[in-house]
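Note that the coordinates shown come from a computational prediction; the quantities given were computed from them, not determined experimentally. Throughout, numbering of the chain's residues begins at 1 and tracks the sequence.
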Amino acid sequence: MSAPKYFSDNKRSEVNELRGLLTNLEVQRDRVKYREAVQKVIMYMTLGVDVSRLFSEMIMASATNDMVQKKLVYLYLCNYAESHTDLTLLAVNTLQKNCRDSNPMIRGLALRSMCSLRVPNLVEYVLQPVQDGLRDKSPYVRKTAVLGCVKLFYIAENAVRDCGIPETLYSMTQDRDHLVAANCILALQEMLSSEGGIVLTKELVYAAFNRLKHFSDWSQCAIMSILERYVPDNEDEIFDILNILDERLKHSNSGVVMAAAKLFIKFTRSMPDVQADVFERVKVPLITLMSSKCAELCFTVMHHIQILLPKAPRLLDSEFKVFYCRYTEPNYVKFKKLEILQEIASPSNMEAIVEELAAYVADVDVDIARQSIQTLGRIAAKLPACADHIFSMLIAFLDIDASFSSFVTAETLIVMKDLLRRYPDRAMRVVAHLPTADDLDVLDEEPAARAALVFLLGEYGEHLDAAPYILETMIDDVAEEVSHVVRLQLLTAAVKLFFKRPPECQKMLGRLLCHEMDEELHTDVHDRAMLYYRLLQTNVEEARRVLGQPAQSVTDFVEHRGLEGDKIFTHFNTLSVIYGVPVDSPAIKTSEEQYELPPAPEPSAAAGGAAVGDLLGGSPAVTQVGRDPHMSLVPNPTLQPADFEQIWLANEVTATIKDLLNRIPSAAETERLLKVSGVIMMASSPPLLGVIKFFFYGQEADTQAFFLVEANMDLNQQLLQASFKSQNAERTPDFATLFRRALCVGGLIDM
């Protein structure tokens, strides 16, 4: 006989055809055909066809010994129970009858279906079968009845309590069947969660621990998490519990091992002398899990190993080699291994670890090479004994031809900046190997490295004859510098070097301050330039006291500190370990929370008008245009293309911006982000040679003046450049600031 054609193209009168099949006597006599007719009903139901009109026929189809057919019919009943409560009453008698069937599989199936109806009006019909099921001789039926109690509890809590079901479940925690006992504990924990969960008596706890190995893997994990609340009376009781749990640390399931490890740690928190031995005991199973071929499991276990290290710093002194990177591992696993290598480095193993990290610098993966250099720097900051050796390595990295490995030079400069804050006495040894003015091109794509180089030149430039000339090269190109961090560092370094070598730095400092006060759009850079200028203008010696202090040795870096172990232990074996903060920490925010930029401060009346005098080398006087961050635009201005072109041709460019993009947005996203601020897109081009061109406009509410923008988005370099023209040139910088702020709110650029 051919298989039934469930997915027929003929959709006409489907329900009537199905009714005809279900009521056909010939079909009912043939067990196979009858089951196929029921299967066809379920098929149409899953496709979204309303087959509720077949309710009475489907109830009649449940009167069979065919278990497959019964399951299909019960699935149908549960699906339409909530939406057709009146029809569900027709099924209650059939289900109650099946709950008394001699076959325990049918009894359990009927009971599960009754509890899944989720109809409050039928609770009175379901309570008695559930209570009978709790006393049933079949473990399968008892287990089903226990789970049904939880379903009923959420529909009619008072009725469940009045029938004494919680008390019955408490007594069933000692059931002879392990699956039933486990489900009773979990059901009570769920039902009594508002009261703090199941009451952990000694009898219940001892029984749970002794039967733990007989439970399913999931039940073991869930029950051990419940047993965390138990407080043993004395140390002897703790040791008895740990002896029982010791076998769970050898389990093949990672969840069971982690749950058992958490109990080991939690029960011995008040026993420091014992906890050291506990860490040694859980170390072996954790390292075994970490050796798994599953990268995700390895990553998770390493996070848990990492939070143990602040409590036991020497725990992994002899096992450091298991954290060496393998070429087949994904990067996120390698990064975590490098973090742990840095934390477990000690005088006994530092030489081997440093040599291994030095080998990673030549890795074909640039990210791994960068992270290895950072790890070397952190080890040097942590262990003074190996600082000289690592300094020699880093100096060797600086001497490598930067044109072939610019990323090595860049990352080494960043690390050197932090290390010299820790060991300022080694500055003379390092500065002689810094890149020269001719080598600056290799750092074009490395703003953090440029900022680090400028920092080193400002702090230790007195030891390098070429320092002012390298700095001058960067100052001459400051108009092309896209990173505001580099521009901020240039200001600080130029002022510091000015105090150390005034004749060589006076003129270039004057040019830099003039540019940043006159042309700079970034608020932080502009304000810092104004601060430095006013300090120098008021009193040079006072400015030297404030800005020219020698670098102080820094012994502890906040970013290098470990996790707070005491707080995080509570959340061992949870996602909090992956995030690195407790669940209730304000650092974890939900996706519904909205982030808003703080309101910009009101501009100071004295912000403009300050002239740069002869103090800085006879630079011409310039004035700073005031910038009002509260510029108001017309929400939905209208401008015809012809008028746009006419205004564009009639005015000069009065402001430009250049920003690195954090990501490449679509044209639609760009239009949406700017429209919120009142900036409307006139047109955009398709990507041509990796560049998208945009035209925007906005209209000021007060003056009704139009502001026009031509923006080029370089997809290859992730760079946005824009030119601004307007009918009110004095307000163009304000409009440019508003334009950038809108992009910043959308996460496209950093301000």
Next item on the list: Only one of His484, His526, Arg487 passes side-chain hydrogen bond (donor to acceptor under 3.5 Å, both in side chains) with Glu520; say which it is.
Entry: Arg487

Check: Per the ring pair (Phe, Tyr, Trp, His ring centres under 6.0 Å) rule, which among Phe707, Phe724, Phe739 passes with Phe696?
Finding: Phe739

Note to self: Evaluate Met713 against Thr670 for side chain to side chain contact (heavy atoms under 4.5 Å, CB included), listing each step before the verdict.
What the structure shows: CA-CA 11 Å; Met713 187 181 294; Thr670 306; 4.1 Å; yes

Margin query: Let me confirm one number: the CD-CG distance from Glu459 to Leu420, rounded to the nearest 0.5 Å.
Written below: 9.5 Å

Notebook entry, point to check: Does atom CD of Glu669 have more than 12 heavy-atom neighbours from other groups under 6.0 Å away?
Noted result: yes

With a 3.5 Å cut-off and no angle check, do the side chains of [X] and [Y] form a donor-acceptor pair?
| X | Y | value |
| --- | --- | --- |
| Ser392 | Arg429 | yes |
| Gln306 | Lys336 | yes |
| Gln489 | Thr492 | no |
| Ser723 | Thr656 | no |
| Thr473 | Asp476 | no |
| Tyr469 | Glu504 | yes |

Is the side chain of [X] donor-acceptor paired with the backbone N or O of [Y] at a distance under 3.5 Å, no angle test?
| X | Y | result |
| --- | --- | --- |
| Gln704 | Ala701 | yes |
| Asn712 | Gln721 | no |
| Ser726 | Thr732 | no |
| Lys382 | Glu343 | yes |
| Arg450 | Leu443 | yes |

Check: Which is it for Leu338 and Gln342 under the side chain to side chain contact (heavy atoms under 4.5 Å, CB included) test, yes or no, and what are the steps along the way?
Finding: CA-CA 6 Å; Leu338 292 176; Gln342 174 254 313; over 6 Å; no

Next item on the list: Go through the steps for Arg731 and Glu700 under the test salt bridge (charged side-chain N to carboxylate O under 4.0 Å, His left out), then give the verdict.
Entry: CA-CA 9 Å; Arg731 296 286 280 168; Glu700 188 177 12; 3.1 Å; yes

Check: Any idea how Phe695 and Trp648 line up, ring-wise: parallel (<30°), tilted (30 to 60°), or perpendicular (>60°)?
Finding: perpendicular

Notebook entry, point to check: Going through the distances and angles, do Ile373 and Leu394 end up as a side chain to side chain contact (heavy atoms under 4.5 Å, CB included)?
Noted result: CA-CA 8 Å; Ile373 297 173; Leu394 295 177; 4.1 Å; yes

